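The shown structure was predicted, so the numbers you read here are calculated from the model rather than taken from an experiment.
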Amino acid sequence: MTQLSDNLFSFHDTCNAYLLKDGTKAVLIDFGDGEVLRHLEALGVARLRSVLMTHHHRDQGQGLHRALQAGGGVWVPYAEQDLFYRVDAHWGARELYNSYNNRQDRFSLLEPVALEGTLKDYGRYSFGSYTVEVVPTPGHTPGSVTLLSEVDGMRVAFTGDLIAASGKLWSLAATQWTYNGAEGAAASIASLLALKDRKPDLLLPSHGAPITDPAAAINLLVERLWDLLQARGENRELLDWRSNPFERLTPHLLWNRTS
């Protein structure tokens with residue numbers, strides 16, 4: 001367990017699990033295998049209030065059944081809820097061979113998890129004394145979110161696997177959503193720039209050390225992903241669309257090309 005500020009802690013597991021201390025209660029961002037539960041008492045935490053997930057991958061939440069046993073409610077991205085509470089249906093329907101769908105939903109949980117709630121894009125939720133803002137940041141998965149909260153005077157972004165370090169991804173393979181596509185790389189650029197616009201003070205990735213210069217780290221990763229897209233000849237209008245997203249279809253109907 002590493003203390004990052006008075007009430008913010010990081011626990012290294014199958015992913016980084018981040019703990020927000022709220023008196024004798026705690027909120028966890030991502031969960032890993034759940035070994036963090038063994039360390040709550042040493043921090044003066046008597047009860048796990050909630051676990052908030054940034055995306056559905058197994059390294060993030062393979063121990064979520066332990067959170068439920070400890071009395072914590074599980075909250076997941078709205079767009080990925082089926083890969084938590086109905087993941088058995090996913091496994092029953094997923095193609096086993098001759099599949100051109102390369103999204104890494106094969107890295108989903110193996111058993112369903114009961115949910116207390118879902119985290120809707122751009123929603124704001126209160127967990128004890130903390131307010132959490134949900135920012136959609138697709139890239140690593142189509143439904144990934146970043147969770148923003150004020151912690152000990154800092155604007156902290158829990159970024160999941162959107163970024164791992166300055167200029168680096170945790171998994172480039174995860175950005176290939178189709179057989180030979182780079183859709184996730186383009187989505188990552190849009191997500192990273194939208195996150196930078198929110199001016200976080202600290203980025204806390206699921207894999208990697210805290211990032212204390214968010215703008216520089218994001219700029220370098222965007223530059224590298226953009227070079228990749230240019231080399232592939234894909235999504236060359238992305239940055240133009242971001243600066244001028246709307247196309248007028250009729251006098252009263254606009255099309256947002258970046259959505």
Side-chain angles (χ1 to χ4, degrees), residues 8 10-11 13 15-22 25-32 34 36 48-68 70-87 89-90 103-105 107-109 112-151 154-163 170 174 184 187-188 190-192 194-198 200 202-207 259:
L8 177 60
S10 173
F11 183 80
D13 198 340
C15 71
N16 294 329
Y18 295 102
L19 186 149
L20 300 177
K21 191 170 183 288
D22 188 13
K25 301 180 179 66
V27 175
L28 288 172
I29 313 293
D30 290 324
F31 195 68
V36 65
L48 174 63
R49 180 190 297 276
S50 303
V51 177
L52 317 182
M53 300 296 296
T54 59
H55 62 287
H56 72 269
H57 279 166
R58 201 178 305 159
D59 57 342
Q60 306 297 119
Q62 59 189 291
L64 281 173
H65 62 282
R66 298 173 67 179
L68 297 176
V74 177
W75 292 71
V76 305
Y78 180 85
E80 294 188 347
Q81 58 182 296
D82 287 359
L83 293 172
F84 288 91
Y85 85 96
R86 294 186 65 242
V87 72
H90 160 72
R103 289 177 299 167
Q104 289 189 348
D105 52 11
F107 197 28
S108 299
L109 303 180
V113 173
L115 304 181
E116 183 175 66
T118 58
L119 302 165
K120 294 185 177 181
D121 293 351
Y122 307 108
R124 296 174 67 87
Y125 298 83
S126 293
F127 297 94
S129 61
Y130 295 100
T131 298
V132 175
E133 181 182 0
V134 182
V135 182
T137 49
H140 184 71
T141 70
S144 290
V145 299
T146 289
L147 303 175
L148 279 171
S149 187
E150 294 287 334
V151 185
M154 297 182 294
R155 186 164 171 77
V156 180
F158 302 91
T159 57
D161 283 324
L162 177 66
I163 184 171
W170 175 245
S188 293
S191 295
L192 287 160
L195 179 59
K196 188 178 77 166
D197 287 346
R198 294 173 182 270
L202 181 67
L203 305 183
L204 295 180
S206 289
H207 297 278
S259 175

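Taken from OG in Ser129 to CD in Glu150, the straight-line distance is 12.0 Å, to the nearest 0.5 Å. Atom CG of residue Leu115 and atom CD of residue Gln81 lie 7.0 Å apart, to the nearest 0.5 angstrom. Interatomic distance, Trp75 CH2 to Lys120 NZ, rounded to the nearest 0.5 Å: 10.5 Å. Lys196 NZ to Ile163 CD1: the interatomic distance, rounded to the nearest 0.5 Å, is 11.0 Å. With rounding to the nearest 0.5 angstrom, the CD atom of Gln60 is 8.0 Å from the CZ atom of Phe107. In this structure, CG in Leu148 is found 9.0 Å from CZ in Phe158, a value given to the nearest 0.5 Å.
Under the 4.5 Å side-chain criterion, counting only non-hydrogen atoms from C-beta, Arg86 is not in contact with Pro112. Taking 4.5 Å as the limit, some side-chain heavy atom of Leu147 sits within range of a side-chain heavy atom of Leu119. With contacts defined as side-chain heavy-atom distances shorter than 4.5 Å, the pair Val151/Leu20 qualifies. Side-chain contact between Ser188 and His140 is absent, with no heavy atoms from C-beta onward closer than 4.5 Å. Looking at Ser206 and Thr54, their side chains come closer than 4.5 Å, going by heavy atoms from C-beta outward. Looking only at side-chain heavy atoms (C-beta outward), Thr141 and His57 come within less than 4.5 Å of each other. Taking 4.5 Å as the limit, some side-chain heavy atom of Leu48 sits within range of a side-chain heavy atom of Leu28. With contacts defined as side-chain heavy-atom distances shorter than 4.5 Å, the pair Glu133/Arg198 qualifies.
Under a 3.5 Å cut-off, the side chain of Tyr122 and the backbone N or O of Pro136 do not form any donor-acceptor pair. Proximity of a side-chain donor or acceptor of Tyr130 to a complementary backbone N or O of Lys21 within less than 3.5 Å is detected. Under a 3.5 Å cut-off, the side chain of Thr146 and the backbone N or O of Thr137 do not form any donor-acceptor pair. Under a 3.5 Å cut-off, the side chain of Asn16 and the backbone N or O of Pro205 do form a donor-acceptor pair. A donor-acceptor pair under 3.5 Å is formed between the side chain of Ser191 and the backbone N or O of Pro138.
When every heavy atom of Leu68 is checked against every heavy atom of Ala114, the shortest pair comes out as CD2-O, 3.8 Å. Of all the heavy atoms in Ser149 and Thr131, the pair that sits closest is OG-O, 2.9 Å. Across all non-hydrogen atoms, the minimal contact from Val76 to Met53 is CG1-CG, 4.1 Å. Residue Asp13 comes nearest to Gly32 through the heavy atom pair OD2-C, 3.9 Å, listed as atom of the first residue, atom of the second, then distance. Nearest heavy-atom pair, Val87 versus Ser108, reported as atom, atom and distance to 0.1 Å: CG2-CB, 3.9 Å. Shown here for Gly128 and Asp22, the closest heavy-atom pair between the two residues is CA-OD2, 3.3 Å.
Surrounding OH of Tyr125 are more than 12 heavy atoms belonging to other residues, nucleotides or ligands, all under 6.0 Å away.
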Inset, instruction - List the steps and the verdict of side chain to side chain contact (heavy atoms under 4.5 Å, CB included) for Leu204 and Ile29. - result: CA-CA 10 Å; Leu204 295 180; Ile29 313 293; over 6 Å; no
Inset, instruction - Check step by step if side chain to side chain contact (heavy atoms under 4.5 Å, CB included) holds for His56 and Asp105. - result: CA-CA 8 Å; His56 72 269; Asp105 52 11; 4.1 Å; yes
Inset, instruction - Begin from the C-alpha positions of Val132 and Phe127 and carry the test side chain to side chain contact (heavy atoms under 4.5 Å, CB included) through to its verdict. - result: CA-CA 8 Å; Val132 175; Phe127 297 94; 4.0 Å; yes
Inset, instruction - Show your reasoning for whether side chain to side chain contact (heavy atoms under 4.5 Å, CB included) applies to Asp121 and Tyr78. - result: CA-CA 7 Å; Asp121 293 351; Tyr78 180 85; 5.8 Å; no
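Of the N and O atoms on the side chains of His55 and Asp161, at least one donor lies less than 3.5 Å from an acceptor on the other residue.
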